[in-house]
Amino acid sequence: MLRGLIPPLRPGPRPLRLRVIALALGALLLTACSGLTDRTPETRTATAAGPGAPVLTGAAGAAPAPTAPDTVGPRSATGGHGPVPVLGASNRPNTRGLGESRPTLIDLGGTGPTGVVRDVSWQDWGGTHATGTGVAGYVAPGTPLSAATPQPATLVASDLGDCGGRTAYRVLTWYFPQHGEVPGGRAPLNVCTP
């Protein structure tokens with residue numbers, strides 16, 4: 001495979017050393033490239049564009065077109081891949097983010113500011129639960145909903161299982177640790193059934 005890439009060199013100790021180095025570099029390159037098969041399409045696209053390059057999809061400013069559900073997920077205990085879970089089901093009116101994998105915006109479809117989480121970044125997606133951070137409307141105890149202010153929030157998606165025929169996190173909650181809130185301190189939301 002590398003034949004033709006290395007020009008013939010004159011015999012002697014120095015050219016032989018150069019051939020060995022060239023062969024070692026070629027083997028290293030082949031080894032590095034062989035790991036690309038385990039990456040997701042998004043990673044391959046971002047890598048091909050170069051580190052830090054934006055991945056552009058669709059027309060400028062337009063949302064990407066819906067695609068078929070992602071079927072390559074994290075490795076299971078047996079070493080295989082399973083379906084990538086989504087967050088709940090998109091069977092509720094006026095919602096956003098539900099029925100999607102790793103949504104960056106979650107809007108539960110209500111009219112108040114406390115049912116929306118923006119700029120969500122997820123960790124551990126595909127595990128028994130996923131945690132994330134984002135910005136949500138915080139209402140201090142004893143104040144009206146109209147006094148909600150955008151605050152950093154921690155999200156927990158859990159209860160991984162079947163939701164309308166898809167693998168999904170069926171429960172979602174978020175809380176505000178900077179205000180003394182802890183996981184489980186707020187009522188969990190069923191995001192699978194309407």
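Residue numbers run from 1 in the order of the sequence given.
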Euclidean distance, R118 CZ relative to R96 CZ, rounded to 0.5 Å: 6.5 Å
Which distance, rounded to the nearest 0.5 Å, do you find between the CZ of R166 and the OG of S101? 8.5 Å
Exercise: identify the closest heavy-atom pair between [X] and [Y]:
X: A130; Y: W122; value: O-CZ3, 3.8 Å
X: G126; Y: P85; value: CA-CG, 3.8 Å
X: Q178; Y: P152; value: NE2-O, 2.9 Å
X: T173; Y: P188; value: CB-CA, 4.2 Å
X: A89; Y: C192; value: CB-O, 3.4 Å

Count I, L, V, M, F, W, Y as connected when their side-chain heavy atoms are under 4.5 Å apart, and connections chain through other members. Are [X] and [Y] then in the same cluster?
X: L108; Y: V117; result: yes
X: F176; Y: V120; result: yes
X: L189; Y: Y138; result: yes

Do [X] and [Y] touch side chain to side chain, with heavy atoms closer than 4.5 Å?
X: L87; Y: L172; value: yes
X: V86; Y: L98; value: no
X: D107; Y: V116; value: yes
X: T114; Y: V139; value: yes
X: L155; Y: I106; value: yes
X: L160; Y: T167; value: yes

Looking at [X] and [Y], would you say the former's side chain and the latter's main chain have a donor-acceptor pair under 3.5 Å?
X: N190; Y: T193; answer: yes
X: R170; Y: D159; answer: yes
X: Q151; Y: G137; answer: no

Between T154 and W174, does any side-chain donor sit less than 3.5 Å from a side-chain acceptor? no
Kindly assign one of parallel, tilted or perpendicular to the pair Y169 and W125, based on the angle between their ring planes and the thresholds 30° and 60°. perpendicular
